[in-house]
Amino acid sequence: MLDVLYFAWVRERIGLPKERIDTDAATVMDLVEELRAREERYALAFSDISALKVALDQELSDFNAPLTNVREVAFFPPMTGG
């Protein structure tokens with residue numbers, strides 16, 4: 001089981017702040033593909049992954065990273081300074 005967290009407009013598009021997913025995805029990208037295939041709201045949220053960042057167990061990572069032993073995946077837009 002994997003906890004998947006969604007932040008900012010990702011959460012707004014999906015309609016959930018987080019969910020627990022049973023997945024066989026090997027990498028973050030595999031998980032994204034799995035989520036996109038679920039429903040249109042997920043496809044919309046993950047339509048442009050260049051506009052997203054990902055963290056694995058609260059450490060910034062990339063979409064090619066393996067999910068082995070990962071407990072939490074978080075998707076969020078890049079933060080801007082101000």
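Side chains included, hydrogens not; waters and symmetry mates left out as well; all remaining heavy atoms used.
By the 4.5 Å heavy-atom criterion applied to side chains, M1 and R20 are counted as neighbours. In this structure, K53 and L60 have side chains that are in contact, with non-hydrogen atoms separated by less than 4.5 Å. Contact check for V73 versus D3: no side-chain heavy atoms found under the 4.5 Å cut-off.
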* Kindly determine whether Y6 and E19 satisfy side-chain hydrogen bond (donor to acceptor under 3.5 Å, both in side chains), including the steps that lead there. => CA-CA 9 Å; Y6 309 108; E19 62 185 319; 2.6 Å; yes
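When every heavy atom of L67 is checked against every heavy atom of A25, the shortest pair comes out as CD1-O, 3.7 Å. Across all their heavy atoms, R13 and L44 have their closest contact at NH1-O, 3.6 Å.
Applying the 6.0 Å contact sphere to CD of E39 captures more than 12 heavy atoms from other residues, nucleotides or ligands. Around atom CG of D24, no more than 12 heavy atoms belonging to other residues, nucleotides or ligands sit under 6.0 Å away.
Using a distance-only test at 3.5 Å, with no hydrogens or angles considered, a donor-acceptor pair links the side chain of D57 to the main chain of R71. In this structure, R36 contributes its side chain and F46 its backbone to a donor-acceptor pair below 3.5 Å.
Hydrophobic clustering of Ile, Leu, Val, Met, Phe, Trp and Tyr side chains at less than 4.5 Å, counting indirect connections, unites V4 with Y42.
Each of I21, T23, I14 was compared with L35 under the side-chain contact (heavy atoms from CB on, under 4.5 Å) criterion, and only I21 meets it.
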